[in-house]
Amino acid sequence: MRDSISGGALTEVSLMILLSLYTPHHGYGIMQFVEEMTEGRLQLGAGTLYGAINTLEEKGWISFYAREGRRNEYLITHEGKQVVQEEKERLKSLLTLLEDITGGKHD
């Protein structure tokens with residue numbers, strides 16, 4: 001997460017949590033989203049998830065949305081969407097570099 005190097009890459013966990021919160025989700029919903037979208041490659045433990053939620057909330061990238069029973073739901077903020085857009089551009093640039101160096105697109 002861009003907390004130690006200015007302008008650095010997001011961790012995959014942070015990016016996936018931010019993507020999951022384009023619609024409101026509680027912790028378990030985030031876990032399900034991430035597991036489903038990564039086809040089981042990435043599975044979040046509760047400690048990792050709630051630590052990341054706290055950090056993302058402190059950064060202002062997500063915010064409390066509503067309480068559903070005993071569960072808090074979160075939603076990505078405008079600032080969080082900007083961070084995702086910057087990461088998207090960074091990854092596009094990296095992919096272009098990879099394609100240039102390795103001789104083009106490969107399946």
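Using a distance-only test at 3.5 Å, with no hydrogens or angles considered, a donor-acceptor pair links the side chain of Thr55 to the main chain of Gly51.
Put simply, CD on Gln43 and OG1 on Thr48 are 11.5 Å apart, with the number rounded to the nearest 0.5 Å. A distance of 9.5 Å separates CD in Glu36 from OG1 in Thr38, rounded to the nearest 0.5 Å. Atom OH of Tyr74 is separated from atom CG of Leu18 by 14.0 Å, given to the nearest 0.5 angstrom. Within the model, atoms NE2 of His26 and CD of Glu68 stand 4.5 Å from one another, a figure rounded to the nearest 0.5 Å. In this structure, the separation between NZ on Lys81 and CG on Leu19 is 11.5 Å, given to the nearest 0.5 Å. Here the CE atom belonging to Met16 is positioned 8.0 Å from the CZ atom belonging to Arg41, to the nearest 0.5 angstrom.
Residues Val34 and Leu91 fall within the same hydrophobic cluster, defined by Ile, Leu, Val, Met, Phe, Trp and Tyr side chains chained together at heavy-atom separations under 4.5 Å. Linking ILVMFWY residues whenever their side-chain heavy atoms come closer than 4.5 Å, directly or via other members, leaves Leu75 and Ile30 in distinct clusters. Hydrophobic cluster membership differs between Tyr65 and Leu56, with clusters built from Ile, Leu, Val, Met, Phe, Trp and Tyr side chains linked at under 4.5 angstrom. A continuous path of Ile, Leu, Val, Met, Phe, Trp and Tyr side chains, each step under 4.5 Å between heavy atoms, connects Leu15 with Ile62, placing both in one hydrophobic cluster. Hydrophobic clustering (side-chain heavy atoms under 4.5 Å, transitive across Ile, Leu, Val, Met, Phe, Trp, Tyr) keeps Leu10 apart from Leu95.
The minimum heavy-atom distance linking Gly45 with Met31 is given by the pair C-CE, 3.8 Å. Closest of all the heavy-atom pairs between Glu87 and Ala9 is OE1-CA, 3.8 Å. Nearest heavy-atom pair, Ala52 versus Ile17, reported as atom, atom and distance to 0.1 Å: CB-CD1, 3.5 Å.
Note on ring orientation: taking the six-membered ring where Trp is involved, the planes of Phe33 and His25 are tilted (angle from 30° to 60°).
Side chains of Glu86 and Gln82: no donor on one and acceptor on the other come within 3.5 Å.
Surrounding OH of Tyr28 are at most 12 heavy atoms belonging to other residues, nucleotides or ligands under 6.0 Å away. Around the CD atom of Glu39, the shell of radius 6.0 Å holds no more than 12 heavy atoms that belong to other residues, nucleotides or ligands.
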